[in-house]
Structure formats: structure tokens, C-alpha cells
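Comments concern the structure below.
Counting from 1, the numbers follow the sequence of the chain as shown.
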Amino acid sequence: MTKAQAADRSDRFTLVSAPVSTLRTAVLRLQILGPLRIWRNGVELDVGPPQQAYLLALLLSRDGRPISTDDLIDLIWDQDAPASALNVIHKYVGALRRLLEPALPARETGSYLMRQGNGYLFAARPGTLDLTSFRALTRAAKDDRAAGHPADALDRYVEALRLWNGSTADALARDSATTGLHTALDGEFHEACCAAAELAVALDQSSRVLPSLRLAARMAPLHEQVQAGLVRALAADGQQAEALAVFRATRERLAEDLGIDPGPALQEAQRQVLSRPEAPAPPLYAPDARPAQLPPALPTFVGRARELTFLADLLSEPRTSPLIVAMDGMAGVGKSALATHFAHQVADRFVDGQLYLDLRGRSADEDDLSAGEALRSLLSSLDVPERDIPASVDARTGAYRSLTARKRLLVVLDNAREATQIRRLLPNSSDCLVLVTSRAPLVGLAVHDGAHLLHVDLPDLPSARSLFRRRLERSRHRSAAEFATRATAVDEIIARCGRLPLALASVAGWLSARPRLSLAAAATELRDDADRPGAFSGGSPLSDALSAFAWSYRRLSPEAARLFRLFPLTLSAGATAEACAGLGGTTTAAARASLRELTLATLLDEDDRGVYSAHVLARAYGHAMSLATDPTSDRAAATTRLSRYYAQAPGCLDTPPPRSELPPPLAG
């Protein structure tokens with residue numbers, strides 16, 4: 001190769017590869033290769049109502065080419081366009097401009113959605129839109145292949161294919177008029193997969209393209225070229241059994257759906273599989289294993305900008321030990337969803353893989369995962385054979401630390417109960433990130449291991465609305481119009497759920513199963529449940545959310561559990577320790593001990609005035625437990641003691657007076 005040729009290839013690599021690296025770190029990032037998604041500064045944005053999202057998807061799919069307003073109207077409404085359709089499009093464009101550029105002054109065009117003639121186009125900056133980057137990379141791959149550089153071409157193809165997260169039908173398919181849009185885009189992916197498979201087989205690097213080929217095969221089960229490429233790549237990777245299974249399944253689908261036999265490409269792929277010698281068994285121990293165990297990110301995740309910014313800032317700071325972040329919060333508040341979402345955002349920085357382990361600290365029906373069991377699972381995930389895992393916990397700890405030394409690993413330890421569960425599971429490298437979730441603050445992990453504590457609170461009302469709307473829209477039974485016109489009912493449902501994400505998800509699932517039930521009727525039903533003692537204990541849409549408190553409740557001492565059951569008898573605004581002493585008929589010191597236990601269990605919350613309160617669903621769960629456990633006479637006596645306490649403490653019904661002014665609790 002001449003110096004001029006080398007310089008030309010270097011320049012071309014810089015120009016083409018820049019978009020993808022920029023795509024991962026850009027302030028604004030848009031995805032159309034799969035479900036439509038937008039991120040700004042690493043935080044995912046709510047695209048808005050379905051028609052607005054569809055308008056944006058149409059513009060993105062054009063990749064810098066304009067589309068007229070007449071065509072937009074036809075594609076969005078077909079034959080049912082209202083008289084105000086053009087004004088609606090202008091309104092959607094304005095809303096999208098403000099979404100993409102929040103600081104944009106009113107009536108300004110901005111940098112992305114541009115007016116051209118009688119239409120609009122999306123002007124993608126380098127690295128902003130995945131479709132633009134995909135096409136740049138595939139063009140470069142074709143150039144490299146034509147120039148006689150197959151290895152470089154394969155690198156470009158692999159990088160391009162990794163940008164796909166599913167069919168563009170998720171964003172573009174609405175009716176027969178739009179079928180051609182997503183079919184053409186998906187066809188580009190299928191073509192690139194076939195070209196990459198051919199190169200990978202020739203270069204003996206089939207494993208690099210198998211994930212993308214499997215995705216393409218799921219997207220196009222009757223596409224013979226794609227299925228043939230998958231068969232050849234599997235066989236070249238030594239997976240002859242799976243290759244033949246893919247061939248047989250495709251042959252059966254072709255016969256059942258189209259009434260035809262496999263064509264020449266599939267037949268030749270089968271012949272190559274049958275003529276290939278049996279591959280040797282892989283080694284049992286692979287010290288360079290790259291696990292990828294993260295659970296799927298929650299598609300309905302919204303908000304949490306403050307927490308995501310906090311995590312991103314921590315990750316950017318220099319360090320000499322693993323970065324450990326322990327997230328705590330009440331049951332169902334979304335700690336695991338936040339940890340998983342952020343883990344997916346930064347996973348590509350940890351080249352040695354991602355480990356995930358559920359420590360079972362939230363389950364009321366099974367024991368926590370012991371340190372020995374957890375270490376066995378982690379070592380197995382790092383491809384240590386069962387026979388080589390040491391017997392003692394100390395030896396397993398040493399083996400785990402040896403394997404993780406100088407590695408860049410992301411470790412998610414979900415549902416921890418206490419710091420001692422975590423300490424032996426920390427990797428031995430400053431390039432590692434450990435995300436821990438727990439209901440109680442893991443103070444010991446901060447004191448002894450340098451962990452950063454992050455309290456995950458309830459989402460604010462706008463985020464709760466967005467979460468609830470996104471959950472409902474995924475059911476495809478609820479329109480954006482219904483959500484907008486039933487704002488009062490929506491807010492009542494959110495209030496009945498106490499803005500708790502798990503409760504909102506439960507109600508949204510319940511509504512999806514009852515598509516004819518209006519939002520107003522659902523709000524009324526939840527209101528009736530709240531007024532009926534014990535209605536939440538089963539059959540209610542909130543029963544699953546309430547059961548999330550069972551783990552915390554069952555670990556309480558008898559004294560704290562009794563106070564928790566009686567606490568719903570207090571005012572909803574909260575109660576002081578002295579009021580709780582009167583409620584329980586105990587000393588103030590004993591009440592404080594129980595309150596401290598309940599606060600650490602995230603069943604109660606204490607404000608800066610020393611007033612304790614409970615989430616609306618925690619109160620409901622405590623009330624249900626009291627009805628099932630406490631005799632009516634005990635509840636009546638507790639109510640009497642609390643009333644007499646309030647009668648002897650004037651003013652405490654509004655603002656708790658100084659503790660020195662409060663009389664002692666009544667005897668009994």
C-alpha cells in the first residue's frame with residue numbers, strides 16, 4: 001500500500017467513524033432504527049402523543065430529505081384528515097422544536113426541523129441520528145471492500161449493524177400506506193447483514209455478526225438471503241446443530257406461508273453445513289469471558305434527570321478504587337429501573353462485560369442470597385467451571401478478586417438487604433462500576449467502602465403523568481386524546497397511587513386488561529377501594545404494589561410492626577414521636593426506637609421538624625395488616641389514646657409544638 005493510499009484510508013476512517021462515537025456522547029441523540037427514542041444529555045425524553053411521534057419518525061426516516069405537508073397529512077390521517085390538519089402539523093413541529101432545543105426562543109426555527117418549500121426536513125448533525133451514521137458506515141464498508149480491504153469493510157459493517165435495535169416498523173408502521181417506509185429501511189439492514197455475513201465467514205470471524213443476523217432473522221423470518229446468511233455464519237462458528245435447526249424452521253415457514261421450497265441460497269447454505277466437519281468442543285474454562293447480563297432496559301422509563309446527572313458526574317471523576325453507588329428508596333419507587341437504565345447507557349465503556357445479580361433482599365418468600373452463593377454465581381458468570389470454584393467463602397472471594405483485577409466491569413447488585421451482603425462482591429479494579437439497590441440506606445458501605453449513597457425519591461407529578469401515559473399508550477387501547485381530556489381523572493389516579501411507579505404500572509396494566517373502562521371510572525373504582533376496609537388486600541389493581549411492602553414489614557420487630565399497623569390511625573399530615581407514644585401506649589423512648597426502625601425500612605419518613613408520615617400505599621398496607629392482625633378492641637383503645645393525647649396537646653393538630661410543651665402519654 002502506498003503512503004497516499006494509507007492517508008486516504010485514514011482520512012475516510014476519521015470522517016465515517018466520527019458519527020458513531022459522537023452518537024454515543026452527543027448532547028442530542030435520536031434513534032429510528034428500532035423504536036423511536038430521543039436522549040438529551042443521556043436522559044431519555046418523552047416524544048409526546050402518538051401523532052406527534054409519528055410525524056417525527058417520518059421526518060427522521062427521510063434522513064435529510066424534505067417531505068411535503070400534503071404527504072405528511074396523507075401519511076398521518078390517510079382519508080380522515082380533519083380540516084385543521086395543517087395547523088396540527090405546525091403545532092407538532094413547534095412542540096418538537098422545543099423538545100429538541102428547550103432554550104429555543106418562541107417562533108424560532110432552530111437547528112433540526114427546517115422548513116423547505118411546502119414541507120419540512122430533519123437536518124441531522126454528525127452523530128445525532130443513528131440512520132445517518134448507519135448509512136455512512138455501510139457506504140464506507142462498500143468502498144473498503146471494493147478497494148480490496150475486506151477486514152476494514154467487516155469492521156465498518158459490524159459497527160453499522162450494532163446501531164439497529166429492532167424493526168423500524170415500531171416507529172413507522174401504521175397502515176398499508178406506510179408499509180413501504182419501514183420495509184425499505186429494514187431492507188437496508190438485511191442487505192448489510194448479508195454482506196457482513198459473507199465477509200465474516202470468509203475471514204473466520206462469524207461470531208462478530210451473529211447477534212445482528214439473529215435480529216434480522218427475527219425481523220424477516222421469510223427472507224431467504226438473511227436466513228441463509230445466518231445458517232452459514234452459525235456453521236462457520238461451529239454451531240452446526242443450530243444452523244440446521246434454522247434451515248428446517250425456515251423451510252417449514254416457506255411451505256406453510258408461501259407454499260414454496262427453499263431457494264438456491266438456502267439450499268447451498270444447508271449443503272455447506274452438512275459438508276463442514278464437526279467442530280471441536282469449546283474449552284470449559286474461558287478466562288477472557290465477556291458476560292452481558294444486564295436485564296432489558298424498561299421501555300417506559302421517563303424522568304430521573306437529577307439522578308442520571310449525578311451518576312454521570314460520578315463516573316467522570318478520577319478514582320483509585322471501584323466506583324460504588326448504593327441507591328436506596330421505598331418499595332416500588334424505581335431503584336432497579338434507574339440502575340438498569342443507567343447501566344445500559346454506559347455499558348459500552350466497560351469492555352470486559354456486565355454482571356447482574358439479584359440478591360433477593362426484597363423477597364418475603366425466600367431467603368437472601370448468601371455471600372457464598374453470590375460468589376459462586378459471579379464466578380460461574382466469568383466462566384469458571386463448577387469443579388474449579390473453591391469450597392470456602394474466603395477462597396471464592398480471593399478467586400473473584402483475582403479474576404476482576406485490572407478489568408473494566410460493570411456490576412449491578414440488585415435488592416441488597418445490608419452492606420455485609422455486598423462487601424465480598426466488590427471487584428478488584430478502579431475501572432469498575434458497581435450499582436447497588438436497596439430499600440434501606442447502606443451506610444456501612446459508605447463508611448467502610450467509600451460508596452456514594454443516592455436516595456431515590458418519588459417522581460414529581462409531571463414525570464408521574466408521563467410514566468402513566470407511556471404505560472397506557474403501549475397497550476394501544478388508550479388514545480392521547482382520552483389522556484388529555486381526562487386530566488382530572490388521571491391526576492386522581494396518580495394521587496391514589498401516591499406517584500409510586502410500581503403502583504402506576506399496576507393500574508396501567510389493569511386498565512390495559514379492561515380497555516372499555518374509562519379513566520374516570522377507574523378513578524372512581526380506586527376511590528371506592530380506598531374507602532372500603534381491606535379492599536386493597538386482593539383483587540384491586542393496587543394489590544401487587546401493596547404486596548411490595550411485605551418484605552419490609554415481615555422483617556420488623558414486633559414492637560415496630562405493631563406501631564406500623566396502628567400508624568394509619570394518625571392524621572395524614574403525620575405525627576410526632578410523642579403522638580406515636582400515645583397511640584401505642586408506650587414511652588416516648590420506646591416509640592422513637594420503633595420509629596427509627598420503620599424509617600430505616602422506608603415504611604415511614606421523617607421530615608426536618610421531627611414529624612413522621614407514611615406513603616398513602618404504606619398506610620393502606622398497614623391498615624390492611626391491622627384489620628387482619630389486631631383485635632377491634634386494641635384498635636379502638638389506640639384511637640382513644642391518640643384522641644386524648646391530641647386533646648391534651650393544643651395546637652399539635654396543625655403544627656407540632658416544641659416537645660418540651662407536650663404532656664407525657666396517658667397511662668395504658
Side-chain angles (χ1 to χ4, degrees), residues 298 300-304 306-307 327-338 362 437 439-440 455-472 483 486-511 519-520 522-553 564-565 567-575 598-599 601-607 611-627:
L298 195 63
T300 54
F301 186 92
V302 295
R304 300 298 187 192
R306 181 188 67 84
E307 293 88 345
M327 308 177 192
D328 67 88
M330 68 182 298
V333 80
K335 304 177 293 295
S336 298
L338 173 61
R362 69 176 180 184
T437 69
R439 293 191 181 176
H455 180 68
V456 181
D457 212 337
L458 292 168
D460 57 22
L461 183 56
S463 296
R465 287 176 181 145
S466 296
L467 171 62
F468 189 52
R469 183 177 69 187
R470 182 170 291 189
R471 285 275 186 175
L472 287 179
F483 194 91
R486 297 291 183 267
T488 301
V490 167
D491 284 354
E492 181 175 354
I493 291 172
I494 292 172
R496 294 288 174 188
C497 294
R499 305 200 313 273
L500 189 69
L502 177 60
L504 293 172
S506 297
V507 173
W510 173 66
L511 284 168
L519 294 175
T524 301
E525 192 162 335
L526 289 176
R527 189 188 314 140
D528 292 342
D529 276 359
D531 294 337
R532 288 201 309 268
F536 281 142
S537 60
S540 165
L542 293 176
S543 57
D544 288 342
L546 290 169
S547 67
F549 295 103
W551 177 87
S552 300
Y553 173 74
F564 175 68
R565 296 194 303 271
F567 193 83
L569 298 173
T570 65
L571 299 175
S572 59
L598 291 169
T599 303
T602 67
L603 291 172
L604 295 184
D605 186 49
E606 181 185 13
D607 66 13
V611 176
Y612 294 85
S613 60
H615 186 272
V616 59
L617 296 183
R619 293 179 74 96
Y621 182 77
H623 180 58
M625 289 298 99
S626 182
L627 292 176

Residues forming a side chain to side chain contact (heavy atoms under 4.5 Å, CB included) with A337, sequence neighbours excluded: L298, F301
Interatomic distance, L617 atom CG to L502 atom CG [nearest 0.5 angstrom]: 9.0 Å
Test item: K335 side-chain N/O and M327 main-chain N/O as donor-acceptor pair under 3.5 Å: no
Flag, side chain of S626 to backbone of G622, donor-acceptor distance under 3.5 Å: no
Contact summary for P501 and V333, nearest pair of heavy atoms: CG-O, 3.3 Å
Student check: side-chain heavy atoms of V490 and R469 closer than 4.5 Å: no
Atom of F567, atom of Y612 and distance for their closest heavy-atom approach: CZ-O, 3.3 Å
Distance-only criterion, 3.5 Å: show the donor-acceptor pairs between side-chain atoms of residues 455-464 and protein atoms not counting sequence neighbours.
| from | atom 1 | to | atom 2 | distance (Å) |
| --- | --- | --- | --- | --- |
| H455 | ND1 | D328 | OD1 | 2.8 |
| D460 | OD1 | S463 | N | 2.9 |
| D460 | OD1 | S463 | OG | 2.8 |

Derivation and outcome, side chain to side chain contact (heavy atoms under 4.5 Å, CB included), residues R619 and T570: CA-CA 10 Å; R619 293 179 74 96; T570 65; 3.7 Å; yes
F564 and Y553 aromatic ring geometry - parallel, tilted or perpendicular at 30°/60° bounds: tilted
Side chain to side chain contact (heavy atoms under 4.5 Å, CB included) evaluation trace for R499 with L467: CA-CA 10 Å; R499 305 200 313 273; L467 171 62; over 6 Å; no
pair E492-L519: side-chain heavy atoms closer than 4.5 Å: no
Test salt bridge (charged side-chain N to carboxylate O under 4.0 Å, His left out) applied to R304 - qualifying residues, sequence neighbours left out: E307
Check: R439 side chain, L603 main-chain N or O, donor-acceptor pair, under 3.5 Å: no
Heavy-atom pair with the smallest gap, counting every atom of T437 and S336: OG1-OG, 4.0 Å
Shortest non-hydrogen contact from A331 toward L500: O-CD1, 3.4 Å
Separation of I494 CD1 from F468 CZ (nearest 0.5 Å): 6.5 Å
